[in-house]
> 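Dumping the structure here so I can ask a few things about it.
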Amino acid sequence: MLDRNILLALYARLSESYGPQHWWPAQTPFEVMLGAILTQNTAWKNVERAVDNLREASSLNLPMLLQLDVNVLAELIRPSGYYKLKAQRLKNLCAWLEKMGGMEKLSVLQTTELRDSLLSVNGVGPETADDILLYAFDRPVFVIDTYTRRLLQRLNLITGDEDYDLLRAAFESALGADYRLFNEYHALIVRHAKQKCSLAENSSADTCNHCYVETGNSVFKPLEKAR
DNA sequence: TACCAGGAGAAAA
DNA sequence: TTTTCTCATGGT
């Protein structure tokens, strides 16, 4: 479904444009897990405020979060939006982590088993689970988010309404199981999505010169201007 | 003022 | 089974 050479050419173009991204922006795997919940449909800036509040309250660890009252937790993470909902989701994730025996026990599970277990937690959907698998557990799982769909859609590589797991499998099949590549690739897609294209912004042009991707025998159509 | 941001789950159709 | 609704703060 997705061509390996085209995906590698796109990666090369993004990498040349933006350089190393050093993802995930967190200090520990546990912090990655919390951030994955907090960033659901939310700007990362607001997630940082919530994480800062947790750190200042010495609550950026499993024992504290387990005993913290859900309403107190909600107030701490308020800047991230959906704060009552996300407070309960963080509680669910922490309870699951405790039940499963902690990060060490989880790290020996097979990826599919770990993924299924994550998806059993209320509040952890496919993208959140894959964020955690890739960035907290170094598993070769490709994260599909709205940015990924938008970029591939503009390159006319997908229609945009493909099933999540189908699209994820297409990336993994085309690129092979390489968690370091997946880590950087997704980070670059997000980086690119946040880029304000000077060409598109400063002229009447409806294309972005970051987004031409040339391969040996094909050239992508340029991306359409962001809406 | 209106729209958007690194989704997910429940309810309705 | 598929579509629609709800959750919410902060920036532009």
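Quantities reported herein were computed from a predicted structural model and do not represent experimental measurements. Numbers restart at 1 for each chain; the letters A, B, ... are given by sequence-line order, proteins then strands.
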> Run the side chain to side chain donor-acceptor pair (under 3.5 Å) check on A:Arg89 and A:Gln40 step by step: do they pass?
CA-CA 11 Å; A:Arg89 287 179 178 178; A:Gln40 291 171 353; 2.7 Å; yes
> Categorize A:Thr148 for me: base, sugar-phosphate, or nothing, with a 4.0 angstrom heavy-atom threshold over every strand shown.
nothing
> If the P atom of B:dA11 is compared with that of C:dA8, how far apart are they to the nearest Å?
15 Å
> In whole angstrom, what separates A:Asp163's CG from C:dT1's P?
12 Å
> Rounded to whole Å, please give me the gap between NZ in A:Lys84 and P in C:dT9.
9 Å
> Between A:Arg78 and C:dC7, does any side-chain N or O lie under 4.0 Å from OP1 or OP2?
no
> Would you kindly give the NZ-to-C1' distance between A:Lys194 and C:dT12, to the nearest whole Å?
15 Å
> Mind checking ring pair (Phe, Tyr, Trp, His ring centres under 6.0 Å) for A:Trp24 and listing every partner two or more places apart, or none if nothing turns up?
A:Trp44, A:Tyr135
> For nucleotides 10-13 of chain B, tabulate all protein N/O to nucleotide N/O atom pairs closer than 3.5 Å, reporting atom names and distance.
| unit_1 | atom_1 | unit_2 | atom_2 | d |
| --- | --- | --- | --- | --- |
| B:dA10 | OP1 | A:Asn122 | ND2 | 3.3 |

> Tell me which nucleotide among C:dT9, B:dA5, B:dA8 gets nearest to the side chain of A:Tyr83.
C:dT9
> Grab the two heavy atoms, one from A:Leu73 and one from A:Ala87, that are nearest each other, plus how far apart they are.
CD2-O, 3.5 Å
> I want to confirm an ordering. Mapping A:Gly123 and A:Lys45 to their closest nucleotides on DNA chain B, which one lands closer to the 5' end?
A:Lys45
> Scan side-chain atoms only and decide if A:Asn92 and A:Gln88 contain a donor-acceptor pair under the 3.5 Å cut-off.
yes
> Using the closest heavy atom to pick a nucleotide of DNA chain C for each, name whichever of A:Arg89 or A:Asn46 lands nearer the 5' end.
A:Arg89
> B:dA8 P sits how many Å from A:Lys91 NZ, rounded?
22 Å
> Please confirm whether the backbone N or O of A:Leu65 pairs with a side-chain atom of A:Lys91, one donor and one acceptor, at under 3.5 Å?
yes
> For a quick test of reading the model, state the closest non-hydrogen atom pair linking A:Arg149 to A:Asp161 and the distance between them.
NH1-C, 4.1 Å
> Please report the distance, rounded to the nearest Å, between CD1 in A:Ile37 and P in B:dG9.
9 Å
> Rounding to the closest angstrom, what is the interatomic distance between C:dT3 and B:dA5 at atom C1'?
22 Å
> Thinking salt bridges, do A:Glu172 and A:Arg168 make one under a 4.0 Å N-O criterion?
yes
> Return whichever of A:Thr42 or A:Arg49 has its heavy-atom-nearest nucleotide of DNA chain C closer to the 5' end.
A:Thr42
> For A:Ser80, which contact category applies under a 4.0 Å heavy-atom criterion: base, sugar-phosphate, or nothing?
nothing
> Any idea which heavy atoms bring A:Leu2 and A:Ala174 closest together, and the distance?
O-CB, 3.4 Å
> Expressed in angstrom and rounded to an integer, what is the separation of A:Asn92 atom CG from B:dG7 atom C1'?
15 Å
> Please report the distance, rounded to the nearest Å, between OH in A:Tyr82 and P in B:dG9.
14 Å
> Counting any heavy atom closer than 4.0 Å, what does A:Val143 reach on the DNA or RNA strands: base, sugar-phosphate only, or nothing?
nothing
> Once you round it to whole Å, what is the distance between P of B:dG7 and CG of A:Asp131?
9 Å
